[in-house]
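Everything on this sheet refers to the single structure shown next.
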Amino acid sequence: MSNVESSSSAAQQPPTSTLPMLGDNQVMQASTSASSTSNSNSNSTSSGNGGGGGNNVVGVPLDTQISGEPPSKKPCLDANAASSSSGGALSCAAAASGTHEKLAYRISTALCCAVCLDLPKTAMYQCQMGHLMCAACFTHLLADGRLRDQIATCPNCRVEISKSTASRNLAVEKAASELPSECQFCNKEFPYKSLERHEQHECQERPTKCKYHRIGCQWRGPYHETTEHERNCSHPKKSGYEVMAALEAHDLKIKEEKKMFNTLIDLLSYEKIIFNDLQMKPYRTDEYVHKLFYETARFSAFNQQWVVKARINNSQRDPHQTNERTITYQLILKTKTSTPMSIHFFALKGPFSDMKVSTQIYKHEFTETNTESDYYVLPLPDGIGGSGSSECNRMLANKGINFRLLMFLLNK
Ligand SMILES: [Zn+2]
Ligand SMILES: [Zn+2]
Ligand SMILES: [Zn+2]
Ligand SMILES: [Zn+2]
């Protein structure tokens with residue numbers, strides 16, 4: 001939690017006059033309608049449909065490069081390479097939690113984004129003077145400039161930045177992918193680039209289901225206990241009648257998934273579809289007991305302005321007293337609408353995030369008087385305890401939460 005709090009302290013913000021206006025949020029209009037999605041890879045096309053800041057089309061192929069990393073060769077870092085960790089996410093502040101300034105910490109401090117001070121595992125850009133910016137902050141600065149009709153500048157040196165003047169810094173990206181991150185299951189450290197493979201396929205502590213889970217076995221335990229359990233599992237000896245119940249539950253799940261898929265296909269044929277790549281920043285309420293919440297800057301969609309707000313454990317009084325963590329979010333219409341707007345929306349990870357979020361589509365009817373949707377769960381994958389807690393904590397350890405918001409407007 002301390003990482004999150006520290007990010008809101010002014011001392012950590014770089015000297016800049018560009019950021020406060022948007023509240024450090026990224027506003028990037030990625031595509032304005034279904035008919036223009038085919039353009040989404042062009043670099044920046046103004047669609048010119050106004051709406052307080054304009055729906056600029058910034059189809060950003062920024063994500064395409066990250067996949068070009070070489071496969072990992074080193075299985076594990078030397079134990080004394082670093083002791084910093086934040087459950088997989090390695091931010092500069094998180095690295096500082098180690099008592100000694102180890103080499104990995106000093107390196108991550110040197111390599112981190114000059115705007116958000118994080119070292120996210122996305123593309124890294126640099127201005128002509130060499131100041132580093134992560135892909136999320138870079139696109140935020142560009143979108144910020146565009147919304148205000150000004151030239152985007154480097155927050156450090158004020159030199160102009162654009163897609164053509166700034167360049168990627170592959171060395172920084174490669175160095176960052178070698179920095180150690182901690183496995184969430186066994187707590188050993190691995191280079192970030194091989195962490196996912198380790199957690200999914202190699203870790204002896206990773207949570208695993210019994211191979212008879214399809215016929216009803218609820219057992220879930222660390223991988224190294226699976227063989228022993230399966231040898232003694234009672235489920236293979238159950239009767240067909242007993243197995244039926246499990247199969248029905250299984251069918252129901254498949255049916256739900258199919259329904260979701262069909263809904264998505266339906267939505268994709270709507271006339272009006274917009275996605276925005278957004279960045280939520282942490283804030284504290286000014287109540288007697290400060291509560292943490294997240295908010296994006298305003299962004300435009302369908303000629304209206306919107307923000308997304310999120311909170312932890314639905315603003316429960318002491319979220320740090322429980323291990324269960326959930327993030328819920330709401331969509332808020334900030335401008336007046338005379339006609340009701342029926343909006344479907346959902347969050348996905350987008351190009352600047354490594355959040356593992358599953359798909360859950362929500363719907364709200366925005367009217368002149370009803371401008372805020374309910375708070376809906378941001379569905380994060382199951383951790384060890386069966387909730388999204390570990391992924392949620394990983395998100396909280398970062399300086400901001402980057403995600404893509406897809407919105408569909410039903411024409412009536
Ligand atoms: Zn950044
Ligand atoms: Zn600069
Ligand atoms: Zn592990
Ligand atoms: Zn079993």
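The figures here come from the full heavy-atom set of this structure, side chains too, leaving out hydrogens, waters and symmetry mates. Read the numbers this way: they start at 1 and go in the same order the structure lists the ligands and their atoms.
Checked against a 6.0 Å centroid threshold, the rings of His344 and Phe346 do not count as neighbours.
Here the angle centred on the Zn ion (ligand 1), running from SG of Cys116 over to SG of Cys137, is 110°, rounded to 10°. At the Zn ion (ligand 3), the vertex angle linking SG of Cys186 with NE2 of His198 is 110° (nearest 10 degrees). Here the angle centred on the Zn ion (ligand 1), running from SG of Cys134 over to SG of Cys113, is 120°, rounded to 10°.
The aromatic rings of Tyr362 and Tyr329 stand perpendicular to each other, their planes meeting at an angle above 60°, with 30° marking the opposite boundary.
The nearest N, O or S atom of Cys210 is closer to the Zn ion (ligand 4) than 2.8 Å. The Zn ion (ligand 4) has no N, O or S atom of His213 closer than 2.8 Å.
Between Arg206 and Glu199 there is no salt bridge, since none of the side-chain N atoms of the basic residue sits less than 4.0 Å from a carboxylate O of the acidic one. Checked for salt-bridge contact, Glu173 and Arg168 meet the test: a charged N lies under 4.0 Å from a carboxylate O.
Between the CD atom of Glu189 and the CG atom of Leu179 there is a distance of 10.5 Å, given to the nearest 0.5 Å.
His229 contributes atom NE2 as its closest N/O/S atom to the Zn ion (ligand 4).
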